[in-house]
Amino acid sequence: MAFSLSVYSRNSLLLPFLTLFLITSSRANFLQDFDITWGEGRGKIVNNGQLLTLSLDRYSGSGFQSKKEYLFGKIDMQLKLVPGNSAGTVTAYYLSSEGQNHDEIDFEFLGNISGEPYTVHTNVYTEGKGEREQQFRLWFDPTADFHTFSFLWNPQTVVFLVDNTPIREFKNLENIGVQFPRKQAMRLYSSIWNADQWATRGGLIKTDWSQAPFTASYRNYTATSCALPVNPGQASCTSAPDNRPWKLDPVSQDKLKWVQQNYMIYNYCTDTKRFPQGFPPECSV
Ligand SMILES: *[C@@H]1O[C@H](CO)[C@@H](O)[C@H](O)[C@H]1NC(C)=O
Ligand SMILES: *[C@@H]1O[C@H](CO)[C@@H](O)[C@H](O)[C@H]1NC(C)=O
């Protein structure tokens with residue numbers, strides 16, 4: 001646990017104000033910090049809370065959620081995705097608030113037949129509205145070993161990271177009328193389910209149930225967050241856990257560019273068929 005003092009000014013025209021806040025960093029124990037919420041025994045916490053596994057068979061998937069809610073922070077988890085023929089399985093790993101007009105920040109891992117690459121699907125919802133998909137390939141096999149998938153979320157930006165390489169940034173562009181998730185606290189969720197209708201190009205490839213159960217594994221969860229309660233909108237957690245400014249440093253910006261140029265396979269901002277009336281405003285920034 002670390003204590004930290006930070007000055008935060010939302011608007012230089014307003015009186016800058018001092019905010020004292022608490023950054024908590026916790027290396028999790030799954031038994032203490034998560035609840036398996038569905039799947040009747042298909043989700044398991046083992047090794048004294050150090051490892052969590054979720055499985056899917058032809059009858060059901062499974063899922064878990066964090067006990068804590070976060071309003072901004074950096075959330076890291078190491079995941080090892082379903083190996084072998086995982087076509088039709090979807091492992092969702094996301095932050096979400098509750099209710100109809102919820103905010104959500106998503107990773108979804110779409111399985112594939114043996115030897116073919118996963119798709120990493122990402123999206124950001126604000127007050128119930130998403131439709132901001134970007135999809136990626138990975139530069140490694142995510143089923144061979146554990147890799148770290150992270151969310152960096154503060155009032156100015158949402159960054160998706162893979163092994164600390166940023167793959168996507170969704171900036172706060174409220175100044176040009178783009179809604180940004182910053183008013184609702186979120187929990188971390190993960191689940192594994194079957195979506196062969198959606199995930200395999202409209203049901204082209206069926207899930208091979210003879211390979212079931214399909215299992216994804218989780219370890220080494222770390223959440224570095226501003227402690228609640230924080231007044232919604234009066235954001236206080238402006239810096240990365242090590243107190244660097246939130247802005248991506250030049251090296252990270254280069255990495256982001258590298259991923260976007262080489263591994264991005266879908267971007268809503270270039271999908272003209274979908275937006276015949278013109279792209280959402282954030283696409284032209
Ligand atoms: C599975 O692999 C094929 C061939 O590389 C690719 O076209 C397809 O998009 C992949 N499917 C998923 C769900 O990633
Ligand atoms: C656990 O994650 C932290 C950062 O989130 C990393 O520094 C550490 O090396 C990881 N531990 C293992 C055993 O991979």
Side-chain angles (χ1 to χ4, degrees), residues 39 42 53-63 77-96 104-125 130-151 159-163 165-170 189-218 255-275 283:
R42 291 175 183 82
T53 59
L54 291 182
S55 349
L56 164 73
D57 58 33
R58 70 173 77 228
Y59 306 105
S60 176
S62 50
M77 177 95 82
Q78 291 185 319
L79 278 75
K80 188 171 158 188
L81 300 177
V82 175
N85 184 352
S86 58
T89 69
V90 173
T91 304
Y93 165 67
Y94 58 103
L95 293 167
S96 182
E104 191 176 314
I105 306 171
D106 284 335
F107 271 113
E108 283 181 317
F109 306 100
L110 282 50
N112 212 331
I113 51 178
S114 294
E116 296 300 333
Y118 266 72
T119 293
V120 179
H121 178 93
T122 62
N123 206 351
V124 178
Y125 286 76
E131 304 192 329
R132 297 189 176 115
E133 298 87 355
Q134 285 187 357
Q135 295 185 336
F136 304 85
R137 295 277 184 242
L138 293 167
W139 48 95
F140 53 83
D141 174 1
T143 72
D145 206 346
F146 283 90
H147 290 270
T148 305
F149 295 89
S150 317
F151 304 95
V159 185
F160 295 79
L161 303 106
V162 177
D163 288 336
T165 293
I167 65 164
R168 175 176 185 180
E169 183 174 22
F170 183 77
Y189 295 82
S190 189
S191 58
I192 177 166
W193 41 284
N194 181 249
D196 55 7
Q197 287 306 319
W198 168 62
T200 60
R201 291 169 284 160
L204 220 60
I205 300 164
K206 287 292 165 196
T207 298
D208 178 3
W209 293 113
S210 74
Q211 304 297 308
F214 301 101
T215 302
S217 308
Y218 304 77
K255 287 185 182 173
L256 175 64
K257 230 176 263 167
W258 171 73
V259 174
Q260 298 241 323
Q261 281 168 4
N262 296 289
Y263 295 95
M264 187 158 71
I265 55 170
Y266 177 79
N267 182 2
Y268 73 112
C269 279
T270 57
D271 190 344
T272 43
K273 273 194 225 119
R274 227 173 119 185
F275 299 101
C283 293

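Model, not experiment: these values are computed from the prediction. This chain uses plain numbering: 1 for the first residue, then up along the sequence. Counting starts at 1 for both ligands and their atoms, following the listed order.
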Check your understanding: Which is closest to atom 9 (O) of ligand 1 in terms of heavy atoms, R137, E116, H121?
Key ->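 Nearest option to atom 9 (O) of ligand 1, by heavy atoms: R137.
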**Study point:** Side-chain (N123) to main-chain (R132) donor-acceptor, under 3.5 angstrom
**Key:**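 Yes: the side chain of N123 pairs with the backbone of R132.
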Exercise for review: Report yes or no: does G111 have a heavy atom closer than 4.0 Å to ligand 1?
Suggested key: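 True for this residue.
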Review point. Are the aromatic rings of Y93 and F151 close, with centres under 6.0 Å apart?
Key: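 Aromatic pair counts; centres sit under 6.0 Å.
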Review point. Would a line drawn from the ring center of F160 to the ring center of F136 be shorter than 6.0 Å?
Key: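 Ring centres of F136 and F160 not closer than 6.0 Å.
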Counting heavy atoms only, which part of [X] comes closer than 4.0 Å to ligand 1: side chain, backbone, both or neither?
{"X": "Q135", "answer": "neither"}
{"X": "N112", "answer": "side chain"}
{"X": "P117", "answer": "both"}

Exercise for review: Show which atoms of ligand 1 fall inside a sub-4.0 Å distance from at least one heavy-atom site of T119.
Suggested key: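 Result: 12 (C), 13 (C), 14 (O).
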Point to revise | Greater than 12 external heavy atoms within 6.0 Å of K257's NZ | key: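 No, the 6.0 Å shell around NZ holds no more than 12 heavy atoms from other groups.
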Review point. For Y266, does the OH atom sit with more than 12 other heavy atoms under 6.0 Å from it, leaving out its own atoms?
Key: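 It does: Y266 OH has more than 12 such atoms within range.
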